[in-house]
Amino acid sequence: MNAPSISDRGPRRFGWPQRVFSQVLLMQLAIITGVTVLVTGLFLAPLSAQLDDEAMRRALAIAQSTAARPGIAEDLRTTEASASGPVQSAAERIRRATGAEYVVVMDRRGVRWSHPETDRIGEVVSTDPGDALRGREVMEIDSGTLGRSARGKVPLRGPGDEVVGAVSVGIEYDSVRARLLGAIPGLLAYAGGALAVGALAAYLISRRLQRQTHDLAFSDISALLTEREAMLHSIREGVVALDGTGRIRLLNDEAQRLLGLGPEAAGRPLAEVLDGGRTADVLAGRVVGDDLLAVQGGRVLLANRMETDDGGAVVTLRDRTELEHLGRELDSTTGLIDALRAQDHEHANRLHTLLGLLELEMHEDAMEFVTEVVGVHRATAEQVTEKVQDPLLAALLVGKATVAAERGVSLRLAPGTLLPDRVVDPRGLVTVVGNLVDNATDAAAGSGDARIEVGLLAEGRTVVLRVRDSGPGIAPEQYASIFTEGWSTKDLPAHGKRGLGLALVRRLAERQGGSVTVAGADGGGAVFTVVLPEALAGPETADPATAPHPATTGDSR
């Protein structure tokens, strides 16, 4: 089915795009951008806290090293707080060496003994030093006289581990923020790179999707799917879709009917739902060709298989059962017309002979001639009905004997033939006998001493059928293939297909739990043997069931 053209999609709408390619690309770009922004934010949030913690620990480490410096506690106890005092000098050296914003040494009253701004020496600190003076170390970010800073405070201990003061060190908070801001450009560069790679990957994926969906819109795909479902389930032709592994992907209603399967077959391997046979071989592609014949459950199917790009296949099935039946009836009618034409000539000859005898007033000879002609046909009919007591089979054999005789072939019953009138499925047996006799007639016609021998024997409830002909026979290497649909050695008939008769015979025999075999006959020709268990009803059954069955006769060899 062709994709709808752009002009068929209605008026152009602005805003959200309609094609699958554009929608998927935009959604992927939105997702990639959102994920990139989220990841960047999640990375920056802990980075800020990490930089703050690092600055506070650095301030604490400087304060600890300052408090541990020899002489600081002693100078605090023995000198005055002044801009030129030893405490201020030591604190300034440490501040300049470490890059800290300030290093403040205070006594137990909180009075500064050092400060970067010397005029603040001697004043009380602006933040509470209580925790440090009580002997605890403190890390915090707070604001003081020099602004916001990351601070570390430690107690200053004198002789005997007595707290004589505290040391407070501050790291300028603007420097911490500068480090954070300095990391952002690099982080954004990485995020931009990741976003670009993601956008390129999204574009390539969307382009591949565009090729696979033939640049259709979602509404077009939905419409195509709806139309496909309606079409597949409404057509009177079976459609079976298989994937590359031989699993059934689709099975429409007609295919389910023709193959005798249910909806549950979809999704299962073909080998699981169909027994081995020609039908399974045709569907699986093990038999190739156009208009392949197959027999499934008594139905004659015509199959065509087409490979798909993904390694799967689509198989179409047509029911040719009625057409084959009509074709075989046409062949039978044609043969009957030929036989009647030949019989008309023979009948005219007999009438001319009878007329001549009457004109010559040879009345006794005329009576003997008529008695002989009528007696031959009557004897044949009586012989058949005496040994084959089922009326359908008897009528079939009498008719086949007449047609065979017109073709120069003698049809007779084998010694010991006896079939009681207790056949469970007469029409099925008529199909089997008719196909085999027709094949034998075709094979024997034209041969020297052309003859057919039909044997029907009842063994309990089992019927054994043997049909022997005097034809050229069948090569042993062909014994297995002659029962395959489509196998034939004859020219095509009017309806154009052969190779179904013996396949139907085998299918009917197997349906009843029986079998059919072929072998060479003594003196040339072939003999077909069909064994049908449970083909006869019990002796106590007065009216055997005659289940409907396609009485298809014809050729197959």
Side-chain angles (χ1 to χ4, degrees), residues 44-183:
L44 285 176
L47 178 61
S48 176
Q50 180 181 358
L51 292 176
D52 289 348
D53 183 72
E54 180 182 343
M56 288 187 294
R57 291 185 180 279
R58 180 184 169 203
L60 183 65
I62 297 173
Q64 289 172 339
S65 62
T66 301
R69 187 179 183 87
I72 292 290
E74 182 64 23
D75 292 340
L76 185 65
R77 294 172 61 243
T78 59
T79 62
E80 296 292 332
S82 65
S84 59
V87 175
Q88 169 69 4
S89 300
E92 282 300 296
R93 285 197 301 271
I94 295 173
R95 184 184 69 82
R96 288 191 292 268
T98 60
E101 183 181 16
Y102 64 84
V103 177
V104 174
V105 180
M106 68 192 78
D107 59 16
R108 289 190 59 82
R109 296 171 299 166
V111 176
R112 300 188 184 96
W113 286 65
S114 64
H115 196 277
E117 298 176 359
T118 56
D119 56 344
R120 294 184 180 274
I121 296 175
E123 297 178 358
V124 178
V125 296
S126 60
T127 58
D128 182 19
D131 290 338
L133 294 175
R134 286 191 289 271
R136 290 196 295 269
E137 295 182 346
V138 179
M139 289 191 308
E140 61 184 1
I141 294 179
D142 201 356
S143 298
T145 56
L146 296 179
R148 192 171 180 80
S149 60
R151 303 182 176 191
K153 298 178 181 179
V154 298
L156 180 63
R157 300 180 184 275
D161 203 28
E162 177 187 1
V163 176
V164 297
V167 178
S168 176
V169 176
I171 303 295
E172 187 179 5
Y173 193 73
D174 289 341
S175 65
V176 178
R177 184 179 301 169
R179 289 184 60 192
L180 176 62
L181 295 177

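Remember, predicted model here, so these are calculated numbers, not experimental data.
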Over 12 foreign heavy atoms within 6.0 Å of CZ, Arg57: no
Gln88 side-chain N/O to His115 backbone N/O, donor-acceptor pair under 3.5 Å: yes
Short side-chain donor-acceptor distance under 3.5 Å, Ser114 and Arg95: no
Contact list for residues 98-109, test salt bridge (Lys or Arg N to Asp or Glu O under 4.0 Å), sequence neighbours left out: Asp107-Arg109
For the student: nearest non-hydrogen atoms of Ala63 and Gly152, plus distance: CB-O, 3.6 Å
Closest approach of Ala81 to Trp113 (non-hydrogen atoms, all atoms of both residues): N-CZ3, 3.3 Å
Flag side-chain contact, heavy atom, 4.5 Å: Ser126 against Arg112: yes
Gln64 vs Leu60, side chain to side chain contact (heavy atoms under 4.5 Å, CB included): CA-CA, chis, key distance, verdict: CA-CA 6 Å; Gln64 289 172 339; Leu60 183 65; 3.8 Å; yes
Nearest non-hydrogen partners of Glu92 and Pro116, listed with the distance: OE2-CA, 3.6 Å
Pairing residues for Asp142 by the side-chain hydrogen bond (donor to acceptor under 3.5 Å, both in side chains) criterion, not counting sequence neighbours: none
Distance, nearest 0.5 Å, that separates NZ of Lys153 from CE of Met106: 6.0 Å
Shortest non-hydrogen contact from Ile121 toward Ala83: CD1-CA, 3.6 Å
Minimal non-hydrogen separation, Ala59 against Ala150, with atom names: CB-O, 3.6 Å
Trace of the salt bridge (Lys or Arg N to Asp or Glu O under 4.0 Å) decision for Glu54 with Arg58: CA-CA 6 Å; Glu54 180 182 343; Arg58 180 184 169 203; over 6 Å; no
Side chains of Ile94 and Arg69 in contact at under 4.5 Å (non-hydrogen atoms): yes
Pairwise salt bridge (Lys or Arg N to Asp or Glu O under 4.0 Å) hits with a residue in residues 158-169, at least two apart: Arg157-Asp161
Residue pair Ile171 / Ile62, side-chain heavy-atom distance below 4.5 Å: yes
Lys/Arg-Asp/Glu bridge criterion (N-O < 4.0 Å) met for Glu140, Arg151: no
Heavy-atom side-chain contact between Leu76 and Ile72 under 4.5 Å: no
Closest contact, heavy atoms only, Pro155 versus Ala67: O-CB, 3.8 Å
